[in-house]
Every structure is written in structure tokens, then in C-alpha cells.
**Q** 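Pasting in a structure now, in C-alpha cells, and then I'll have a few things to ask.
Quick note: numbers below take in every heavy atom, side chains included, and nothing from hydrogens, waters or symmetry partners.
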Amino acid sequence: MHIAVCDDNIADRKQTERLLGRQSDRFFKETGERLYIDSYGNVEAFLRYPQMYDGLFVDMTLQEPTGLAIAKLLVDAGVVRPIILCVSRIDYRKQYEESGLDIPNLMFIDKPIRVAELTAMMDKIREIKGDPIPTLELRGKDGTFYAKNDDIVSVKKHGSELIIQIADGHNICLIDEIYNFYDQCAIFPQICPVSDNALINVNHIKKTGFGKVTMDSGESFGISFTYRNAIAEARNIIKGNNRN
């Protein structure tokens, strides 16, 4: 399990590292698993690869962005694992309540961190790690988007590029082969091919007709004879997964 600590108070950061080191010893005795802990004192380095962590402890108070703003940046970067704001000089709980934000993976712990509270928090992180949300990284021309659930509506090949339509209405353009991209979409059984040049999300289908499917985005795609059963097969897989 990989844990990150981002704290601009050196003494607090070292203390959190020590406490997490003891949790690592506990995990090893209980399960044979170790914790791998990365520690950061600046936001830029912390935000470089945040998706790799199973839990992220944050308390940045000395300059902008501070803790809650960093949590928002992490969510925007596609982080779905627990983000733990360590309450010290800034009352993050109050800030969050007043912000109007909805961050379901946000948690809080008070400083000085008590062993019992950290133990409960680490057990919760371990529990959540067992049921991750599938996420696909899309590196487009204008930045990186982390697609989850039904974010992807459709994919169509245009020259050397793929045009990926996202449920919020924007498009992502990336250079890739559609067959390769379809392999990456194995984590999303709702994505299926309708031709050699197009993929669709069956959960975004508005209506189907003879040899054609119309998405809830309004865009229509022709269904090649080769893929005439793909939509039904994808829906059967989804039903099977839901029963399990």
C-alpha cells in the first residue's frame, strides 16, 4: 500500500512519517503487507503523480494553495482514493462545510494525530483499497482527464486521432489506434465497438434503429454487420456483473 504525506511543517511531517512507520509494522504482522510512504513539503512535487497513492495525508497552511484547495486539485486530477486533511491551524472541516464542495473521498483527522485514530483511518484506507473505482487516464492535447464510470460516451477515429466524447459535453483528442484504445477500455464493459472506426457506451444509447444507434449526446453511429451483436453482448456482461 502506498501512502503520501504533504505537510509544510517539517516537525509534523516527520511525526506523521513515524506514526505511519508503526502502522507499516502492524500491517506486516497482520497481513505481510508493508506501507510505502512518500513525504512532500511542496505542492508541485506532491501533485506530480497523486493517482499512485492509496491514501493522501495533507496539511498545507503556510501558503496557497492550502489543504482544502489541494484536495480539490487532487479530485480534479482524478484521485478517487481517500484524501485525509489533517486539522491543525486551519479548521478544514469548517472550510469544507462552508465551501459547498462535494468530495466523497475526503476525510479528516486531528493533529496531534492519535495512534488509535490513525489505526482506524488506515484500516478504512485498506478496506477502500479492496474496492477501487476503475479509472482510465486520457492524455489529450489539452491536458489529462481521468475517466470513470460512464464518463466516456463514444470514441471515433478521425485520421490519426481518436475523438473521445465525454459525458459533460467536451471532447478529448489523442493519437492512438482504436483497437489499442478498446483494449484499454476492458475495465469498462459498457464500451463496445459498432464499427472498425467507432466505439460507444451502451449506457448512453438513446435509441437504436436498423443499422444505426443514436447516443444521448445526439450523435449517431452506423453499426457494421461484423458488430451487429456487440451491444447486446455488452449489456449481458453488465447484467452479469450486477448480479455478482
**Q** Could you work out, with side chain to side chain contact (heavy atoms under 4.5 Å, CB included) as the rule, every residue matching Gln165, not counting sequence neighbours?
**A** Val153, Ser154, Asn171, Ser217, Glu219

**Q** I'd like to check the ring-ring contact (aromatic ring centres under 6.0 Å, His included) partners of Phe145; sequence neighbours left out, ordered by chain and number.
**A**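 Testing Phe145 for ring-ring contact (aromatic ring centres under 6.0 Å, His included), a comparison that skips the adjacent residues, returns His170.
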
**Q** Where is the tightest heavy-atom contact between Ser24 and Leu35, given as atom of each residue plus distance?
**A**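 For Ser24 and Leu35, the tightest heavy-atom pair comes out as OG-N, 3.1 Å.
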
**Q** List in chain and number order the residues that pass side chain to side chain contact (heavy atoms under 4.5 Å, CB included) with Glu98, two or more places apart in sequence or in another chain; answer none if no residue qualifies.
**A** Lys94

**Q** Could you tell me whether the side chain of Ile128 reaches within less than 4.5 Å of the side chain of Pro82, counting heavy atoms only?
**A** yes

**Q** Mind listing the side-chain donor-acceptor pairs of residues 60-73 below 3.5 Å, one per line with the distance, residues two or more places apart or on another chain?
**A**
| unit_1 | atom_1 | unit_2 | atom_2 | d |
| --- | --- | --- | --- | --- |
| Lys72 | NZ | Asp76 | OD1 | 3.2 |
| Lys72 | NZ | Asp76 | OD2 | 2.9 |

**Q** Do side-chain atoms of Gln51 reach the backbone of Ala77 as a donor and acceptor pair under 3.5 angstrom?
**A** yes

**Q** Does CZ in Arg34 sit with more than 12 non-hydrogen atoms of other residues, nucleotides or ligands closer than 6.0 Å?
**A** yes

**Q** Would you check if the side chain of Lys157 reaches a backbone N or O of Gly159 as a donor-acceptor pair within less than 3.5 Å?
**A**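 Between the backbone of Gly159 and the side chain of Lys157 there is a qualifying donor-acceptor contact (under 3.5 Å).
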
**Q** Minimum heavy-atom separation for Ile178 and Asn197, please, with both atom names.
**A**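 Looking at all heavy atoms of both residues, the closest pair is CD1-C, 3.4 Å.
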
**Q** Does any pair with a residue in residues 228-238 pass salt bridge (charged side-chain N to carboxylate O under 4.0 Å, His left out), and if so which ones, sequence neighbours excluded?
**A** none

**Q** Supply the atom-to-atom distance Ile163 CD1 to Glu161 CD, rounded to the nearest 0.5 angstrom.
**A**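 Atom-to-atom, Ile163:CD1 and Glu161:CD are 5.5 Å apart.
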
**Q** Of all heavy-atom pairs between Asn9 and Asp12, which one has the smallest distance, and what is that distance?
**A**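 For Asn9 and Asp12, the tightest heavy-atom pair comes out as OD1-N, 3.0 Å.
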
**Q** Go through Gln23 and Thr119 one step at a time and tell me if the side chain to side chain donor-acceptor pair (under 3.5 Å) criterion holds.
**A** CA-CA 7 Å; Gln23 292 293 317; Thr119 296; 2.9 Å; yes

**Q** Under the side chain to side chain contact (heavy atoms under 4.5 Å, CB included) test, which residues partner Asp54, sequence neighbours left out?
**A**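 Once residues adjacent in sequence are excluded, the partners of Asp54 under the side chain to side chain contact (heavy atoms under 4.5 Å, CB included) criterion are Met1, His2, Arg81, Ile125, Lys129.
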
**Q** Are Val213 and Ile200 close enough that some pair of their side-chain heavy atoms sits under 4.5 Å apart?
**A**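 The answer is yes; the side chains approach within 4.5 Å.
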
**Q** Can you tell me if Ser99 uses its side chain to pair, donor with acceptor, with the backbone of Leu101 under 3.5 Å?
**A**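 Confirmed, Ser99 side chain pairs with Leu101 backbone.
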
**Q** Who are the ring-ring contact (aromatic ring centres under 6.0 Å, His included) partners of Phe28, not counting sequence neighbours?
**A** none

**Q** Tell me whether Met121 shares a hydrophobic cluster with Leu85, the cluster being built from Ile, Leu, Val, Met, Phe, Trp, Tyr side chains joined at under 4.5 Å.
**A**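 They do not share one cluster, since no chain of ILVMFWY contacts under 4.5 Å joins Met121 to Leu85.
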
**Q** Would Tyr92 and Met107 show up in the same hydrophobic cluster when neighbours are defined by side-chain heavy atoms closer than 4.5 Å?
**A** no

**Q** Can I get a per-line list of side-chain donor-acceptor pairs under 3.5 Å for residues 182-194, giving both atom names and the distance, sequence neighbours left out?
**A**
| unit_1 | atom_1 | unit_2 | atom_2 | d |
| --- | --- | --- | --- | --- |
| Gln184 | NE2 | Asp176 | OD2 | 3.2 |
| Gln190 | NE2 | Asn149 | O | 3.1 |
| Gln190 | NE2 | Asp150 | OD1 | 2.8 |

**Q** Please examine the side chains of Asn105 and Val75, heavy atoms only from C-beta on, and report whether any two atoms are closer than 4.5 Å.
**A**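 When only atoms from C-beta onward are counted, Asn105 and Val75 do touch, with a gap below 4.5 Å.
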
**Q** Please confirm whether the backbone N or O of Ile152 pairs with a side-chain atom of Asn201, one donor and one acceptor, at under 3.5 Å?
**A** yes

**Q** Using ring-ring contact (aromatic ring centres under 6.0 Å, His included) as the criterion, list what pairs up with Tyr40, not counting sequence neighbours.
**A** Phe46

**Q** Asp123: which residues meet the salt bridge (charged side-chain N to carboxylate O under 4.0 Å, His left out) condition with it, sequence neighbours left out?
**A** Arg26, Arg126

**Q** Could you tell me whether Lys111 and Asp7 have a side-chain N and a carboxylate O separated by less than 4.0 Å?
**A** yes

**Q** Using atom types as modelled and distance alone, determine if a side-chain donor or acceptor of Ser195 lies under 3.5 Å from a backbone N or O of Ala198.
**A**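 Yes: the side chain of Ser195 pairs with the backbone of Ala198.
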
**Q** Are Phe108 and Ile84 packed together at the side-chain level, in the sense that at least one heavy-atom pair is separated by less than 4.5 angstrom?
**A** no

**Q** Could you tell me if the side chain of Leu174 sits less than 4.5 Å from the side chain of Ile164, heavy atoms only?
**A** yes

**Q** The test is side chain to side chain contact (heavy atoms under 4.5 Å, CB included); show your working for Lys156 and Phe221 and say whether it passes.
**A** CA-CA 9 Å; Lys156 60 182 178 182; Phe221 294 88; 4.2 Å; yes

**Q** Scan residues 48-90 for pairs that pass ring pair (Phe, Tyr, Trp, His ring centres under 6.0 Å), counting only residues two or more places apart or in two chains.
**A** none

**Q** Show the nearest heavy-atom pair for residues Val87 and Ile90, with the distance to one decimal.
**A** CG1-O, 3.6 Å

**Q** Determine whether Tyr96 and Asp102 make a side-chain contact, defined as any pair of heavy atoms from C-beta on separated by less than 4.5 Å.
**A** yes

**Q** Using the test side chain to side chain contact (heavy atoms under 4.5 Å, CB included), find all partners of Lys148 that sit at least two apart in sequence or belong to another chain.
**A** Val80, Ile133, Thr135, Asp151

**Q** Kindly indicate whether the side chain of Arg114, heavy atoms from C-beta on, has any atom under 4.5 Å from the side chain of Ile109.
**A** no

**Q** Is Asp110 salt-bridged to Arg93, cutoff N-O under 4.0 Å?
**A** yes

